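Ligands are counted one by one from 1 in listed order, and the atoms in each one are counted from 1 as well. Since the model is a prediction, treat every value here as computed from it, not as a measurement. Positions are given from 1, in the same order as the sequence printed here.
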Amino acid sequence: MLPTKGYAAHEAGAALASFTFERRGVRPKDILIQIRYCGVCHSDIHQARDEWGGSIFPMVPGHEIVGTVAQVGAEVKKFREGETVGVGCFVDSCRTCESCMKGLEQYCEAGMVFTYNGLDKDGKPTYGGYSDHIVVDEDYVLNIPDGLSLEGVAPLLCAGITTYSPLRQWGVGKGHHLAVVGLGGLGHMAVKIGRALGAEVTVFSRSDSKREDATRLGASDYASTSQEGTCTRLARTFDFVIDTVSAPHDVNAHLDLLKTDGTYILVGVPPEAIPVNAFSLILRRRRLVGSLIGGIRETQEMLNFCGEHGLISDVEVIPISQINDAYERVLQGAVRFRFVIDMASLDHEGL
Ligand code: NAP
Ligand code: ZN
Ligand code: ZN
């Protein structure tokens, strides 16, 4: 067993605090990773507050992990000690179902093993990236392309793949108008990736305060939804909408942004159901689709794509001691655009 230092929520909604625990020892196909940076996803907050139900405590959140290979098991073939690697939202799956065989492990029929707030195949709780080390089977570990700053790479492991996967699946590209609703961690990656795929991007945000950032990120237009009539004015102008909003909101107003045959991609996961008006869909044969992160193969493809295009996340690096303040700022929509924890700061925790 490997003694590990981290930060955990001990019950729903409790402030995160330092925590020591044990990880499994390195098995023949495992890699021991020394974690260097871990991004702070809104899903961490939903789960640490048990907003989706079924949370397991104590919980060590974190599924946007980059680090250095510290040790490899005897049968590991894909990685060597000292390499820079990444881990995303899951660390195992059944490997035999139709979804797994297609490289869509995120839709595993038996249920993937979440990086945290899950149970591994031995029935033990999994602990995530707000910690100094993690042990993961090599088949669920990603290569990080050279030349990208590591703190900016960490959020690609969730925010990056969650936006890349549906944009690719639905064929977003040149000549398309894409609306990105909500300019947070996922939203800002949707702008960057949508733009890199050739689409023209418009950001829909609650206030005017992110206008300049949106332009800098690559958006060609910006709409503030707090201004009355914004969605009506832009009705039927988009081929795609990607909705990254974390709280209940008026999806019908945004569905009306779509042209006939347009596609509404829901990736945000508000804790409560969102009402959809049938007329918002049927009158223009619109599609409402959802998407969950991405499989290992596609996550690697996304990382390589980001390497080729020099795409990383805009981050604010924090020591782990500031994690609870960071959560508050995420909830206020006041982060530009992802907090990333510098895991070296755990050394100062005196654990
Ligand atoms: P985030 O950084 O907090 O961004 C969410 C954005 O939504 C905010 O920046 C804000 O944008 C907007 N927003 C927040 N509250 C709102 C409200 N009441 N009404 C309208 N807009 C509001 O969160 P994130 O990390 O990007 O995650 C976004 C959501 O995606 C979360 O629910 C998360 O759990 C989910 N998620 C899903 C997947 C998946 O696989 N499908 C993966 C990761 C995360 P503005 O300030 O611009 O208005
Ligand atoms: Zn996430
Ligand atoms: Zn499976």
Side-chain angles (χ1 to χ4, degrees), residues 38-49 51-52 61-65 88-90 92-117 128-129 154-166 180-191 203-211 213-214 217 219 222-226 242-251 253-254 265-272 274 289-295 299 313-316 326-339:
C38 183
V40 176
C41 178
H42 204 121
S43 302
D44 300 347
I45 305 178
H46 289 309
Q47 292 176 90
R49 298 184 174 204
E51 291 175 353
W52 294 337
H63 58 207
E64 293 183 337
I65 299 167
C89 298
F90 57 94
D92 210 342
S93 65
C94 86
R95 303 168 190 236
T96 55
C97 75
E98 204 178 322
S99 298
C100 284
M101 297 303 276
K102 284 185 188 155
L104 298 170
E105 299 91 347
Q106 75 276 33
Y107 304 121
C108 174
E109 310 300 331
M112 62 187 145
V113 176
F114 288 106
T115 302
Y116 70 88
N117 195 24
L156 302 181
L157 277 305
C158 176
I161 185 59
T162 300
T163 48
Y164 179 87
S165 179
V180 174
V181 183
L183 196 58
L186 266 55
H188 94 291
M189 286 314 305
V191 175
V203 166
F204 285 74
S205 184
R206 285 168 298 175
S207 72
D208 216 33
S209 66
K210 298 179 182 173
R211 185 180 287 274
D213 285 306
L217 294 167
Y222 185 92
S224 166
T225 49
S226 58
I242 184 162
D243 180 340
T244 72
V245 174
S246 52
H249 58 292
D250 184 2
V251 169
H254 294 116
I265 303 163
L266 197 57
V267 287
V269 193
E272 292 113 64
I274 338 174
V289 302
S291 189
L292 179 68
I293 46 176
T299 304
S313 174
D314 285 25
V315 300
E316 199 174 313
Y327 274 18
E328 290 307 321
R329 277 186 52 206
V330 173
L331 290 168
Q332 291 157 16
V335 49
R336 284 187 170 70
F337 280 94
R338 199 56 138 189
F339 284 114

* Does the pair L217 and L183 meet the rule for a side-chain contact (heavy atoms from CB on, under 4.5 Å), with working shown? -> CA-CA 10 Å; L217 294 167; L183 196 58; 4.2 Å; yes
* To do: List the steps, then state whether side-chain contact (heavy atoms from CB on, under 4.5 Å) holds for E328 with V330.
  => CA-CA 5 Å; E328 290 307 321; V330 173; over 6 Å; no
* Asked: So R95 and C108, side-chain contact (heavy atoms from CB on, under 4.5 Å) or not? Walk me through it.
  -> CA-CA 8 Å; R95 303 168 190 236; C108 174; over 6 Å; no
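Of the possible polar contacts, none joining the K210 side chain to the S205 backbone as a donor-acceptor pair under 3.5 Å is found. Side-chain N or O atoms of S246 include none that pairs as donor or acceptor with a backbone N or O of P270 at under 3.5 Å. Looking at T244, its side chain does come within 3.5 Å of a backbone N or O of G182 through a donor-acceptor pair. With hydrogens and angles disregarded, a donor-acceptor distance shorter than 3.5 Å links the side chain of T115 to the backbone of G88. S165 contributes no side-chain N or O that, together with a main-chain N or O of T162, makes up a donor-acceptor pair within less than 3.5 Å. A donor-acceptor pair under 3.5 Å is formed between the side chain of Y107 and the backbone N or O of L292.
Within ligand 1, counting atoms from 1 as listed, the ones closer than 4.0 Å to a heavy atom of W52 are 34 (O). Counting atoms of ligand 1 from 1 in the listed order, those under 4.0 Å from a heavy atom of L292 are 40 (O). The ligand atoms of ligand 1 that sit less than 4.0 angstrom from a heavy atom of V245 are 7 (O), 13 (N), 16 (C), 20 (C), 21 (N), 22 (C). Of all the atoms in ligand 1, the ones that sit under 4.0 Å from a non-hydrogen atom of R338 are 24 (P), 25 (O). Each of the atoms 3 (O) of ligand 1 lies under 4.0 Å from some heavy atom of V330. Close approach of ligand 1 to C158 is summarised as follows: ligand atoms under 4.0 Å from at least one heavy atom of the residue are 42 (C), 43 (C). The ligand atoms of ligand 1 that sit less than 4.0 angstrom from a heavy atom of S205 are 45 (P), 46 (O), 47 (O), 48 (O). Residue K210 has at least one heavy-atom neighbour below 4.0 Å for each of these atoms of ligand 1: 9 (O), 11 (O), 45 (P), 46 (O), 47 (O).
In terms of polar-atom proximity, defined here as any N/O pair under 3.5 Å, V269 does make such a contact with ligand 1. For a threshold of 3.5 Å applied to N or O pairs, the pair formed by L186 and ligand 1 contains at least one separation below that value. Among the atoms of V335, none of the N or O lies under 3.5 angstrom from an N or O of ligand 1. Among the atoms of H42, some N or O lies under 3.5 angstrom from an N or O of ligand 1. Considering backbone and side-chain N/O of G185, one or more are found under 3.5 Å from N/O of ligand 1.
Atom 37 (C) of ligand 1 has as its closest protein heavy atom V267 O, 2.9 Å. Distance from atom 34 (O) of ligand 1 to its nearest protein heavy atom, with residue and atom name: S43 OG, 2.8 Å. Residue, atom and distance of the protein heavy atom nearest to atom 28 (C) of ligand 1 are T244 O, 3.0 Å. Nearest to atom 42 (C) of ligand 1 among the protein's heavy atoms is T162 OG1, 3.3 Å. Scanning the protein heavy atoms around atom 32 (O) of ligand 1, the nearest turns out to be H46 NE2, 2.8 Å.
The residue among A247, P166, S246 with a heavy atom at the shortest distance from atom 14 (C) of ligand 1 is S246. The option with the heavy atom closest to atom 13 (N) of ligand 1, from among M189, Q332, R206, is R206.
Partner of F339 under the side-chain contact (heavy atoms from CB on, under 4.5 Å) criterion, chosen from V40, V315, D44: V40.
For CZ of F337, the number of neighbouring non-hydrogen atoms (other residues, nucleotides, ligands) closer than 6.0 Å is greater than 12.
To the nearest 10 degrees, the Zn ion (ligand 3) sees SG of C97 and SG of C108 at an angle of 120°.
The tally of protein N/O/S atoms under 2.8 Å from the Zn ion (ligand 2) stands at 3.
Using a 4.0 Å cut-off between charged nitrogen and carboxylate oxygen, K102 and E109 do not count as a salt-bridge pair.
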